[in-house]
Amino acid sequence: MTTPSTRVFDGHNDTLIDLHIPERGGGRSFFERSETGQVDFPRAREGNFGGGFFAVFVPNEEYEYDRTETDEGYEMDLPPAIAHERAKHFTYDVLARLHRIEAESEGTVRVVGDYDDLEACLTFEGTIAAIPHLEGAEAVAPDLSNLDLLYAAGVRSIGPVWSRPNEFGHGVRFEYPGTPDTDPGLTDAGRDLVRACNEKGILVDLAHITTAGFEDVAEISTDPLVVSHAAVHDVCRVSRNLTDEQIDAVADSGGLVGITFAEGFLKKDPHSNADLPISGLVDHVEYVADRVGVEYVALGSDFDGADVPEAVGDVTGLPDVLAEIRDRGFTDEEVRKIAQENWLRVIEETWE
Ligand code: ZN
């Protein structure tokens with residue numbers, strides 16, 4: 001019975017933002033077990049969380065999400081663009097916080113920017129690998145003049161957009177039912193950013209990007225296409241989920257889809273108040289595996305950024321997710337691919 005203890009590499013969490021904004025995270029510390037939030041060090045250990053991309057997401061200031069209920073679901077306006085200067089300062093502060101966490105961790109949390117270090121972290125039970133990811137590239141100067149500095153601070157993954165417009169492109173607006181084809185694609189600066197990321201060995205994350213932006217990246221990028229946290233549109237017709245065509249493109253490039261645990265992207269019926277069983281999450285994993293192969297699906301929880309099924313609860317629920325995947329008929333070897341090896345393959349290829 002090796003599988004349930006497989007350490008997970010998780011494609012996305014917002015834990016740093018919870019820690020950085022006390023009102024959002026309840027003022028908790030990463031090193032103490034908390035009743036609030038979904039990831040802290042004690043719970044990560046208990047859940048066999050080996051590492052993941054830790055997002056730096058810059059919230060809009062004084063913005064209330066304007067959600068309109070419709071007959072079939074809901075629509076939301078896109079939040080406005082945010083200023084580069086504020087995004088830059090916020091991002092530098094959050095990156096500084098992560099490096100403080102590493103310094104205070106006595107070797108148990110490592111900011112990892114090198115493939116061999118990542119592999120070693122995942123092998124050594126005591127260590128957690130944290131890789132900074134920019135969820136929306138607002139902190140990157142439009143002329144890319146601070147990209148080297150961000151790289152030096154450990155950033156190894158950038159999503160050109162979150163669900164709002166910026167200098168680099170457009171994000172998907174949240175709608176149900178809806179498709180990702182909501183707004184235009186990359187700007188010229190966005191194309192330059194993708195080329196620069198390819199060159200430096202920074203992963204380009206396609207979560208939150210529009211159909212047009214996805215196609216722009218597919219055309220330009222020389223690396224595998226990666227969507228860190230999303231689910232399957234054929235199962236849940238929310239605009240943030242991936243169409244069959246996009247899933248095929250990801251697999252053709254040798255990339256992967258990290259299946260999100262965000263309940264609103266998993267439920268077939270977003271109006272249903274019923275708790276989603278873990279099998280409802282595994283439906284999305286299985287769909288991608290059946291359609292294109294088990295090599296192209298992984299996990300991208302969005303812990304601390306989304307409501308996850310109660311049956312998962314928090315990061316301590318990861319072994320239950322793996323157990324449910326195995327119960328669905330995946331072999332131990334396939335569960336290992338989904339849990340970490342697919343992510344490792346894509347990261348190795350991208351960071352080289
Ligand atoms: Zn997100």
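Every heavy atom of this structure was used, including side-chain atoms; hydrogens, water molecules and symmetry mates were not. Both ligands and their constituent atoms are indexed starting at 1 by order of listing.
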Regarding Ser145 and Asp143, is there a side-chain donor-to-acceptor distance under 3.5 Å anywhere? yes

Closest heavy-atom pair and its distance - Val161, His208: O-CB, 3.5 Å

Under a 3.5 Å threshold, yes or no: a donor from one side chain and an acceptor from the other, between His12 and Glu135? yes

Determine the minimum heavy-atom distance between Arg156 and Tyr151, stating which atoms define it. NH1-O, 2.8 Å

Could you tally the protein N/O/S atoms lying less than 2.8 Å away from the Zn ion (ligand 1)? 3

Partners of Glu119 by side-chain hydrogen bond (donor to acceptor under 3.5 Å, both in side chains), sequence neighbours excluded? none

Side-chain donor-acceptor contact under 3.5 Å, Asp248 with Tyr296: no

